[in-house]
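Have a look at the structure below before the remarks.
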Amino acid sequence: MTKKLSAVILAVILAASLFGCTKSKNADYDADKIADALSIGLEFGEQLEKSTTEIACSYYGIDSALCEKIAFYIGSGATADEIAVFNCVDSSALEKVTDAVNSRIEYLRDGYSSYGPQEVPKINSAAVITHDNTVILCICENPENAESIVKTATEQ
């Protein structure tokens, strides 16, 4: 009886230690960490300022309940430069947020095509990166560097 009880206790302890150390899918893709790294590592036509979750949700037309965390950097509007990182709650939320990101790109393209046509090529080459349940949008001068910056930020 004591051998069986010991085996059960050992199994419970082992299971608890395995599940207790499991990271969430978004643990390495922390929205703030990635957005900060992108804001430092990329070139923008103007100074971007960190904004609130509420403003990001308003700009993207999403419900904040779709995300565990959102980081959003935006400029004055003189340029289309923008960083948005969404840690979505699940794959269904990821799909909705990805659609919202694509709609935001279309909205910016339409608006800047007459307001600031020099920004349209930048919008057209925007970096959209997804990993697990995280979606990242970066509109900047050098979007080809975004993926390596995200990779570096998530490995630290």
Side-chain angles (χ1 to χ4, degrees), residues 15-113 115-116 118-156:
S17 68
L18 286 173
F19 292 111
C21 294
T22 302
K23 290 185 188 180
S24 82
K25 278 189 160 189
N26 291 326
D28 292 336
Y29 278 73
D30 178 81
D32 289 324
K33 187 176 179 181
I34 291 170
D36 292 345
L38 290 168
S39 73
I40 293 166
L42 296 172
E43 296 173 34
F44 298 93
E46 67 176 316
Q47 180 69 36
L48 300 184
E49 298 292 328
K50 193 165 191 170
S51 193
T52 65
T53 294
E54 292 78 20
I55 291 174
C57 290
S58 172
Y59 276 46
Y60 284 81
I62 62 169
D63 184 342
S64 63
L66 294 173
C67 299
E68 295 170 354
K69 191 183 239 185
I70 299 170
F72 184 50
Y73 281 77
I74 191 146
S76 66
T79 69
D81 297 348
E82 187 167 309
I83 299 169
V85 183
F86 302 91
N87 294 139
C88 301
V89 295
D90 58 27
S91 60
S92 173
L94 177 74
E95 215 173 291
K96 292 174 185 170
V97 171
T98 300
D99 288 346
V101 165
N102 290 327
S103 292
R104 174 81 177 147
I105 292 169
E106 280 296 316
Y107 171 80
L108 290 171
R109 185 180 297 118
D110 291 347
Y112 279 96
S113 64
Y115 168 73
Q118 72 281 1
E119 293 295 302
V120 174
K122 194 184 324 183
I123 296 165
N124 288 339
S125 65
V128 179
I129 303 164
T130 57
H131 184 271
D132 288 334
N133 288 334
T134 299
V135 62
I136 302 161
L137 168 66
C138 189
I139 301 172
C140 63
E141 301 290 336
N142 55 335
E144 64 279 356
N145 297 333
E147 199 154 345
S148 65
I149 291 170
V150 169
K151 185 177 182 196
T152 301
T154 58
E155 291 174 347
Q156 297 175 350

Practice task
Classify the side-chain pair Tyr73/Asp81 by whether it contains a donor and acceptor separated by less than 3.5 Å.
Solution key: no
Problem - N/O donor-acceptor pair under 3.5 Å between Ser125 side chain and Pro121 backbone - result: yes
Practice task
Enter the distance from Ile105:CD1 to Asp110:CG here, rounded to the nearest 0.5 Å.
Solution key: 12.0 Å
Problem - Residue pairs involving residues 134-156 (criterion ring pair (Phe, Tyr, Trp, His ring centres under 6.0 Å); sequence neighbours excluded) - result: none
Completion exercise
Interatomic distance, NZ@Lys50 vs CG@Asp36, rounded to 0.5 Å, equals 4.5 Å
Handout entry: Check: Leu94 and Val135 side chains under 4.5 Å, non-hydrogen atoms
Key = yes
Practice task
Please examine the side chains of Ile70 and Asn87, heavy atoms only from C-beta on, and report whether any two atoms are closer than 4.5 Å.
Solution key: no
Fill in the blank from the handout: Output for pair (Ile62 CD1, Cys57 SG), nearest 0.5 Å, gives 4.5 Å
Fill in the blank from the handout: Separation between CG (Asp90) and CG (Asp132), nearest 0.5 Å, reads 12.5 Å
Handout entry: Test item: Val97 and Cys67 side chains (from C-beta on) under 4.5 Å apart, heavy atoms
Key = yes
Handout entry: Other residues, nucleotides, ligands: >12 heavy atoms within 6.0 Å of Lys151 NZ
Key = no
Problem - Any pair counted as side-chain hydrogen bond (donor to acceptor under 3.5 Å, both in side chains), so long as it reaches residues 94-107, sequence neighbours left out - result: Glu82-Arg104, Glu106-Arg109
Handout entry: Minimum side-chain heavy-atom gap Val89-Asn133 below 4.5 Å
Key = no
Practice task
Taking Asn142 for its side chain and Glu144 for its backbone only, find out whether a donor-acceptor pair lies under 3.5 Å.
Solution key: no
Exercise for the section: Measure from the side-chain N and O atoms of Tyr29 to the backbone N and O of Ile34, and report whether any donor-acceptor pair falls under 3.5 Å. Expected result: no
Exercise for the section: Give the intermediate values and the outcome of ring-ring contact (aromatic ring centres under 6.0 Å, His included) for residues Phe86 and Tyr60. Expected result: CA-CA 11 Å; Phe86 302 91; Tyr60 284 81; 5.1 Å; yes
Handout entry: Audit row: Leu66, Cys88, side-chain contact (heavy atoms from CB on, under 4.5 Å) steps and yes/no
Key = CA-CA 6 Å; Leu66 294 173; Cys88 301; 5.9 Å; no
Problem - Flag side-chain contact, heavy atom, 4.5 Å: Ile83 against Val85 - result: yes
Practice task
Flag the pair Ile149 / Leu42 as yes when at least one side-chain heavy-atom distance between them is below 4.5 Å, and no otherwise.
Solution key: yes
Handout entry: Pair Ile55-Phe72, side-chain contact (heavy atoms from CB on, under 4.5 Å): steps then yes or no
Key = CA-CA 8 Å; Ile55 291 174; Phe72 184 50; 4.0 Å; yes
Completion exercise
Between the CD atom in Glu43 and the SG atom in Cys140, the distance rounded to the nearest 0.5 Å is 8.0 Å
Practice task
Quick one: pull up CD in Glu147 and SG in Cys138 and give me the separation to the nearest 0.5 Å.
Solution key: 12.0 Å
Practice task
Determine whether the side chains of Ser64 and Glu54 contain a donor N or O and an acceptor N or O closer than 3.5 Å.
Solution key: no
Handout entry: Heavy-atom side-chain proximity of Asp32 to Lys69 below 4.5 angstrom
Key = yes
Handout entry: Test item: Glu46 side-chain N/O and Gly75 main-chain N/O as donor-acceptor pair under 3.5 Å
Key = no
Problem - Residues Leu137, Ile139; criterion side-chain contact (heavy atoms from CB on, under 4.5 Å); working and verdict - result: CA-CA 7 Å; Leu137 168 66; Ile139 301 172; 4.1 Å; yes
Practice task
Taking atom CD of Glu141 as the centre, report whether more than 12 heavy atoms of other residues, nucleotides or ligands fall under 6.0 Å from it.
Solution key: yes
Practice task
Would you indicate whether the side-chain heavy atoms of Val128 and Ile136 approach each other to under 4.5 Å?
Solution key: no
Problem - Other residues, nucleotides, ligands: >12 heavy atoms within 6.0 Å of Tyr59 OH - result: no
